[in-house]
There are 2 protein chains.
Amino acid sequence: MSCYRTDAEALRAAGYRLTPQRLLVLEALYHHPGHATVDEIWARVREQHPYVDLSTVYRSLQFLKEHGLVGEFRPAHGPAQYEAIRRRPHAHAVCRECGTTIEVPVAWLTELVERLADGHRFQAEVDHLSIPGLCERCAAKVH
Amino acid sequence: MSCYRTDAEALRAAGYRLTPQRLLVLEALYHHPGHATVDEIWARVREQHPYVDLSTVYRSLQFLKEHGLVGEFRPAHGPAQYEAIRRRPHAHAVCRECGTTIEVPVAWLTELVERLADGHRFQAEVDHLSIPGLCERCAAKVH
DNA sequence: CTAAGTGCAAAGTATTTGCAGCCAA
DNA sequence: TTGGCTGCAAATACTTTGCACTTAG
């Protein structure tokens with residue numbers, strides 16, 4: 001229930017259309033605690049507007065992703081996962097065993113970002129970064 | 001033509017079967033300069049052994065991935081990409097527009113890794129990390 | 001020998017697209 | 001008013017699976 005409408009309005013100001021469908025998709029993402037799959041988002045959207053098509057959800061997510069309101073994560077198996085990008089940009093550390101996600105401030109990545117820019121003229125988008133690894137719990141289990 | 005056979009032999013020693021198909025898939029990956037898609041690998045494999053099935057390539061890649069000989073990257077669009085895991089671990093910066101990949105030494109990530117370990121007891125596996133962004137070329141096009 | 005691996009065919013899952021009609025700006 | 005967006009239906013792209021046969025060890 002946060003201020004995603006503010007971000008959304010910025011899109012309208014930039015000349016894009018703010019359709020109910022797009023707002024519903026955004027709302028669904030803010031409603032979900034962590035990441036959500038397309039099907040989960042679709043289900044939530046249809047609670048309020050039953051005739052929204054799955055393809056529209058895909059297209060809205062693509063749109064929102066391209067405009068920086070939504071982040072995408074593609075796991076090795078299963079469908080892509082999406083999340084609303086909140087005010088402060090951040091990366092994620094994701095446990096490869098249990099999927100637990102830790103929020104990582106971008107400040108921890110500045111060294112990397114600068115080196116990529118200086119050395120390769122590569123503009124890293126670290127707020128979309130997902131760092132694989134093992135959380136404390138699973139690390140204990142595995143070894 | 002590097003020493004992938006050494007790694008492969010280790011699998012046999014561990015009790016797994018080293019079939020010609022699996023060796024061909026590994027060879028194809030070592031032959032490719034950067035990342036390769038399943039289709040590219042399949043094509044290369046069939047140059048030498050025309051009756052290897054696509055599903056076998058998928059299964060071999062899965063097997064090799066699970067045993068740490070092959071890395072997998074799933075881009076937002078298009079098929080998964082694979083690469084042989086060479087001696088020195090490294091991360092990748094991947095252009096979200098054209099898929100161009102830059103090799104990133106893990107040394108550039110030590111700050112991040114240490115902070116995750118200290119602050120969250122999270123064991124980051126940075127040799128599987130893929131950093132999204134825009135390469136020099138695409139950054140020029142987009143803006 | 002024999003369980004693990006393969007080829008083949010078919011199905012399954014995830015995602016994209018063409019097009020006619022609709023509606024936000 | 002009109003070009004961007006949507007719903008619908010269908011196609012496509014990618015990956016997995018069941019089963020009978022083969023083969024590495």
Side-chain angles (χ1 to χ4, degrees), chain A residues 5 8-29 35-43 45-67 69-82, chain B residues 5 8-28 35-43 45-67 69-82 96-97 99:
Chain A
R5 285 182 163 276
E9 284 301 331
L11 285 187
R12 168 145 56 202
Y16 301 100
R17 290 202 185 161
L18 228 48
T19 61
Q21 290 88 338
R22 286 176 177 176
L23 282 174
L24 281 166
V25 168
L26 249 194
E27 191 280 328
L29 282 163
H35 293 82
T37 64
V38 171
D39 276 330
E40 288 163 350
I41 296 164
W42 192 30
V45 165
R46 280 190 301 178
E47 284 174 17
Q48 295 170 259
H49 190 322
Y51 297 109
V52 173
D53 194 73
L54 179 58
S55 67
T56 299
V57 174
Y58 272 105
R59 284 188 277 219
S60 299
L61 284 169
Q62 187 109 351
F63 172 85
L64 293 168
K65 186 182 72 175
E66 280 165 5
H67 292 86
L69 298 190
V70 161
E72 184 189 48
F73 163 64
R74 301 186 85 86
H77 297 288
Q81 312 206 123
Y82 298 89
Chain B
R5 284 182 163 276
E9 284 301 332
L11 285 186
R12 168 146 54 199
Y16 300 100
R17 288 199 189 166
L18 229 47
T19 61
Q21 290 89 337
R22 286 175 177 176
L23 281 175
L24 282 167
V25 168
L26 249 194
E27 192 281 328
H35 292 83
T37 63
V38 170
D39 276 331
E40 288 164 350
I41 296 163
W42 192 29
V45 165
R46 280 190 301 178
E47 283 174 18
Q48 296 171 257
H49 190 322
Y51 297 109
V52 173
D53 194 73
L54 179 58
S55 67
T56 299
V57 175
Y58 272 105
R59 285 188 278 219
S60 298
L61 285 168
Q62 187 109 353
F63 171 85
L64 293 168
K65 186 181 72 175
E66 281 164 5
H67 293 87
L69 298 190
V70 160
E72 184 190 48
F73 161 65
R74 301 186 85 83
H77 297 287
Q81 311 204 124
Y82 298 88
R96 72 165 143 87
E97 285 300 314

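Chain A is the first sequence line, chain B the second, and so forth, proteins listed ahead of strands; every chain is numbered from 1.
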*So, B:Asp53 versus B:Ser55: side-chain donor-acceptor pair below 3.5 Å or not?*
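Distance-only check passes for B:Asp53 and B:Ser55.
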*Pick the nucleotide of DNA chain C nearest each of B:Ala76 and B:His49; which residue has the one closer to the 5' end?*
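Counting from the 5' end, the first nearest nucleotide belongs to B:His49.
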*Expected output: side-chain B:Trp42 to main-chain B:Tyr58 donor-acceptor under 3.5 Å*: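 No; zero donor-acceptor contacts below 3.5 Å.
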_Donor-acceptor contact below 3.5 Å, side chain A:Arg74 vs main chain B:Pro75_ =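 Between the backbone of B:Pro75 and the side chain of A:Arg74 there is a qualifying donor-acceptor contact (under 3.5 Å).
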Nearest of [options] to any side-chain atom of [X]?
| X | options | value |
| --- | --- | --- |
| B:Arg22 | C:dA24, C:dG5, C:dG7 | C:dG5 |
| B:Pro79 | D:dG25, D:dC14, C:dG7 | D:dC14 |
| B:Tyr58 | C:dC8, D:dG7, D:dT16 | D:dT16 |
| B:Gln21 | C:dG7, D:dT6, D:dC8 | C:dG7 |
| B:Arg12 | D:dG25, D:dG7, D:dT6 | D:dG25 |
| A:Thr19 | D:dT6, D:dA24, C:dT6 | D:dT6 |

_At less than 3.5 Å, do the side-chain atoms of A:Arg17 and the base atoms of D:dG3 form a donor-acceptor pair?_
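Per atom types, the contact qualifies.
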*Are any of B:Arg74's side-chain N or O atoms less than 4.0 Å away from OP1 or OP2 of D:dT15?*
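It does, given that an N or O in the side chain of B:Arg74 lies less than 4.0 Å from OP1 or OP2 of D:dT15.
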*Assign B:Arg59 to base, sugar-phosphate, or nothing according to its heavy-atom contacts below 4.0 angstrom with the strands shown.*
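Since a base atom lies under 4.0 Å of B:Arg59, the category is base.
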*With a 4.0 Å cut-off on heavy atoms, is B:Gly15 in touch with a base, just the backbone sugar-phosphate, or nothing at all?*
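Nothing: the residue B:Gly15, judged by heavy atoms under 4.0 Å, touches no strand.
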*Which atom pair, heavy atoms only, marks the closest approach of B:Arg22 to B:Arg17?*
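Result for this residue pair: NH1-O, 2.9 Å.
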